[in-house]
Amino acid sequence: MAYRDIYKERNDNYRDAYEKQIQALKRIRDNSRRQSGPYASYFKQTAERLIDVSKLVEHLNDPEHQDTSLASLRAENEKRYKEILPKNYDQSFANPVVCVDLYGQTVGQMLSFIYAKARTCYNFAYSRKIFRISSVYDLFIKSYEALLDHKVEAVRSIIKEFSKDDIIYGSETFAKETLGAQMTRLTDIVMTSDLTSPNYLYEYGIYVGDNERKTFEFMKTYPDEKIEKLATTIVKAYIDGFRRDGKDITLRHNVRVITVAGLEKLTKRIIEILKDNNLNGFVDEVASTDVNKQYGYDHKFDIALYLDEEIAEFYKGKRKEICEQEKDALHDYSGILYIEKFGEDPFSPVSNEARITLKDEQQTHYQDIRNIARIITEEYVPEKERSFNIVAFPTPEIGDQFEAIFEDIARINMLNSDAYEKVQKTIIDALDSGRKVHVLGRGDNETDIVVALKELDDPQKQTNFVNCVADVNIPVGEVFTSPVLKNTNGLLHLEKVYLEGFNYKDLKLTFKDGYVTEYTCSNFENEEDNKRYIKENLLFPHDTLPLGEFAIGTNTLAYVISQKYDITDKLPILIVEKMGPHFAVGDTCFSFGEDTPVYNEIDDKEIVAKDNEHSIKRKEDINKAYTNCHTDITLPYDGLKKISVLKEDGSEVLIIEDGRFVLEGTAFLNEPFDKEA
């Protein structure tokens, strides 16, 4: 397989050092068994973990001696992830609380970081990256030697040097694999495996749990004709996204596919249909159940151990240098086709002082890194030449009615776009007749916000709103715009919402001239903890964010089905955003594409509301124009008293009242409320 050769030369160059490192690890393990110093237990366990990685490397490179029975594969997979399962996490060095309790804040955080890096070596073993494993070995061995000599600050320097190697590797991965389509390992598994047996799931090197096994069993007998309909719909949506935005799909051919373990039958057919359309689909990532979300939360900002101006400048230089080296491969990147999963229980992290967080002075460097990543991407893969498509399916964790929910979600994903497009034009025409929109909650929902709209110079040829059907994202059903920030004021209140993997209770955001000025929630008893939670997970790394998007979702069928199964808090934003008005904090939907003309197909009107007072700063300083985030927050229909258009003459046009569409010409959207009841 070609993927075995992509890093062969570099692996060969590291081979001698790697073998010597394994011997050093064995000495560390043996010495730590005999010693009783403060770090002995940590050294022994980390060395054993890394030696176990070397055994896996040997095992994977010797197919003749592999035990490929399903029972053996499952046992090895469970053994590998056992220590970070929630029930075991409070005893693992991967948990910074454990390390800090044992070794203090400074040393404990560094040792937990190193141990977490040791765990990543399993993935490197499966992707045949000996050079990366060797780099982590070097990090641990040097840190071990420094701590034996009581040189604590030396460990921080060692971590910083390791981070530079990590940055180089990350930039190469981005250019060669993520966008460059040079790594075919995951694609080969999807396209060549026997999909009637679950053994292939363990070739990915990811966690394989009940969700993955049950998804496989469900899809194994899923009718081919349904697979065909879904795959055809998804590929058509990807292609339609180019047509909608006036982009030439023939300029680039490589389509990055992110999929879900267990959905390989669907993924394989998608790639085959892409090929029929002269597009090269390649699998870049396969998602599986998150073993422990607290683990990811605890290590979210490990970069704070070494981030400073030097590292930020190093990142900028290497990212640019490597993209320039790989520009020919990048030149053929067409976009992303993302199959998302949902169904997990909402996550509320446990706050602790042991986890590493960014200091105030580091946040600027962090934002600089994120900015440069997008700017360089835009240089080599411009927005005007690429597109995307996102679609979501449930995992069995969603509950006992998984199969029924899957079928209903599939039905939502294949709704007729034409019918919605016509009704949405009626809504857009009403919205374009005013300068503001008023959204008012009802019952316990305290939302009361007025959103300002751009003035149209030529209403016959221009519009503020995109008539969004099932193209770049599935399912169908929304109209959206980039609001004017000035005079966008009020309160947005969500009694319960799930954003970017985090659960919020009674989230309240107050906007003044389009920016968040106050915020709170009720996740924690302490108000300071509530504000910190929002700051770290919704606003970060900013003190405030602008309102980048206002939209009205029209997919009432999705809403009714979510109520039917009581799964609203488990749905992805991709579906939830179609189930009521939504407000996105961060960038507009047009970031880096503001100068590309976009038209609604149904009436050929140009969408002119693509900039706001924040994004327009790109004309003077691009680093001040973008926040590099875009988080959609939806207020469901049942929380709505009204959505109305406020006209300049003081009159009001109702679009939604008491959770139902009341604008003339929109009765079609209310049908699911009655039919599905």
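As the structure is a computational prediction, the values presented were derived from the model and not from experiment. Below, all heavy atoms of this structure are taken into account, side chains as well, without hydrogens, waters or symmetry copies. Note that the numbering runs from 1 along the sequence shown for the chain.
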* Asked: Does the side-chain contact (heavy atoms from CB on, under 4.5 Å) test come out yes or no for D513 and N489, once each step is laid out?
  -> CA-CA 6 Å; D513 283 332; N489 301 311; 3.9 Å; yes
* **E601/R244 under salt bridge (charged side-chain N to carboxylate O under 4.0 Å, His left out): CA gap, chis, key distance, verdict** => CA-CA 7 Å; E601 283 192 290; R244 185 200 75 174; over 6 Å; no
* Residues E549, H630; criterion side-chain contact (heavy atoms from CB on, under 4.5 Å); working and verdict -> CA-CA 9 Å; E549 176 192 1; H630 180 96; 2.9 Å; yes
* Might you work through the side-chain contact (heavy atoms from CB on, under 4.5 Å) test for E383 and T596, ending with a clear yes or no? => CA-CA 9 Å; E383 178 74 27; T596 302; over 6 Å; no
* From CA spacing to verdict: salt bridge (charged side-chain N to carboxylate O under 4.0 Å, His left out), D595, K610 -> CA-CA 9 Å; D595 297 320; K610 292 184 291 185; over 6 Å; no
* Under the salt bridge (charged side-chain N to carboxylate O under 4.0 Å, His left out) rule, what do K531 and E528 come out as? Steps first, then yes or no, please. => CA-CA 5 Å; K531 289 183 179 297; E528 186 177 335; over 6 Å; no
* To do: Evaluate the criterion side-chain contact (heavy atoms from CB on, under 4.5 Å) for residue pair N537 and K300; output intermediate values, then yes/no.
  => CA-CA 10 Å; N537 300 301; K300 182 177 181 179; 3.1 Å; yes
* To do: Show your reasoning for whether salt bridge (charged side-chain N to carboxylate O under 4.0 Å, His left out) applies to E657 and R660.
  => CA-CA 5 Å; E657 185 173 29; R660 297 293 185 270; over 6 Å; no
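If you take OG1 on T588 and CG on L547, they are separated by 11.0 Å, rounding to the nearest 0.5 Å. In this structure, the separation between CD on E340 and CG on L574 is 6.0 Å, given to the nearest 0.5 Å. Taken from CD1 in I398 to CZ in F393, the straight-line distance is 13.0 Å, to the nearest 0.5 Å. Here the straight-line distance linking atom CD1 of I534 with atom CG of N523 works out to 7.5 Å at 0.5 Å rounding. With rounding to the nearest 0.5 Å, the separation of NZ in K512 from OG1 in T488 is 11.0 Å. Between L230 atom CG and I339 atom CD1 the span is 9.5 Å, to the nearest 0.5 Å.
Not one N or O on the side chain of T556 forms a donor-acceptor pair closer than 3.5 Å with the backbone of P672. Looking at E407, its side chain never comes within 3.5 Å of a backbone N or O of I405 through a donor-acceptor pair. The backbone N or O of A261 sits nowhere less than 3.5 Å from a side-chain atom of S288 that would complete a donor-acceptor pair. Proximity of a side-chain donor or acceptor of D587 to a complementary backbone N or O of T627 within less than 3.5 Å is detected. Side chain of E577 to main chain of T634: no donor-acceptor pair is present (N/O by atom type, distance under 3.5 Å, no hydrogens or angles). Judged by distance alone, with hydrogens and angles left aside, the side-chain atoms of R370 form a donor-acceptor pair with the main-chain N or O of N628 at under 3.5 Å. Of the possible donor and acceptor atoms, none in the side chain of K578 sits under 3.5 Å from a partner among the backbone N and O of V476. Counting only distance, with no hydrogens or angles, the side chain of E212 and the backbone of G209 share a donor-acceptor pair below 3.5 Å. R442 places a side-chain N or O within donor-acceptor distance of the main-chain N or O of D638, the cut-off being under 3.5 Å.
Minimum heavy-atom separation, I412 to A558: CD1-CA, 3.6 Å. The two residues V598 and D245 come nearest to each other via the heavy atoms CG1-OD1, 3.7 Å. Residue S387 comes nearest to G241 through the heavy atom pair OG-C, 4.0 Å, listed as atom of the first residue, atom of the second, then distance. For S482 against D611, the heavy-atom pair with the smallest separation is CB-O, 4.1 Å. Nearest heavy-atom pair across V257 and G281 is CG2-CA, 4.3 Å. The two atoms that bring N445 and G639 nearest to each other are CB-O, 3.8 Å, heavy atoms only.
Looking at heavy atoms from C-beta onward, T481 lies out of side-chain contact with K454 at the 4.5 angstrom threshold. Within the 4.5 Å cutoff, the side chain of I428 has heavy atoms near those of the N600 side chain. The shortest side-chain heavy-atom distance between V479 and V466 does not fall under the 4.5 Å cut-off. Within the 4.5 Å cutoff, the side chain of V260 has no heavy atoms near those of the T215 side chain. When side chains are defined from C-beta on, K505 counts as touching S522, because their heavy atoms get closer than 4.5 Å. The side-chain heavy atoms of L538 and L509, taken from C-beta on, include a pair separated by under 4.5 Å. Within the 4.5 Å cutoff, side-chain heavy atoms of I234 are placed close to those of N389. Considering only heavy atoms from C-beta on, D543 comes within 4.5 Å of K535 through its side chain.
Around CD of E225, the count of heavy atoms belonging to other residues, nucleotides or ligands within 6.0 Å exceeds 12. The environment of K236 atom NZ is sparse: at most 12 non-hydrogen atoms of other residues, nucleotides or ligands sit within 6.0 angstrom. Heavy-atom neighbours of K384 NZ from other residues, nucleotides or ligands within 6.0 Å: at or below the threshold of 12. Within a 6.0 Å radius of CG in D566, other residues, nucleotides and ligands contribute 12 heavy atoms or fewer. Heavy atoms of other residues, nucleotides or ligands lying less than 6.0 angstrom from CG of D458 number more than 12. When the shell of 6.0 Å around NZ of K436 is examined, it contains 12 or fewer heavy atoms from other residues, nucleotides or ligands.
Counted by atom type alone, N467 and K605 present zero donor-acceptor pairs between their side chains at under 3.5 Å. Using modelled atom types and a 3.5 Å distance limit, the side chains of N503 and D569 yield no donor-acceptor pair. Using a 3.5 Å distance cut-off with no hydrogens or angles, the side chains of Y222 and E403 do not pair a donor with an acceptor. Under the 3.5 Å distance criterion, with hydrogens and angles disregarded, a donor-acceptor pair is assigned to the side chains of T289 and N211. Inspection of the D408 and Y565 side chains reveals an N or O donor paired with an N or O acceptor under 3.5 Å.
Remark: aromatic rings of F668 and Y420 are close, center separation under 6.0 Å. In this structure, F301 has its ring center closer than 6.0 angstrom to the ring center of F540.
Ring-plane geometry between F583 and F550 is classed as tilted, the angle between the planes lying from 30 to 60 degrees on a 0 to 90 degree scale. Between F347 and F502, the angle of the ring planes lies from 30° to 60°, which puts this pair in the tilted group. Relative ring orientation between F480 and F590 is described as tilted, the plane-to-plane angle lying within the 30° to 60° band.
With sequence neighbours left out, Y599 forms a ring-ring contact (aromatic ring centres under 6.0 Å, His included) with no residue at all.
With D448 as the partner, the side-chain hydrogen bond (donor to acceptor under 3.5 Å, both in side chains) test is satisfied by one option alone out of K641, H493, H438: H438.
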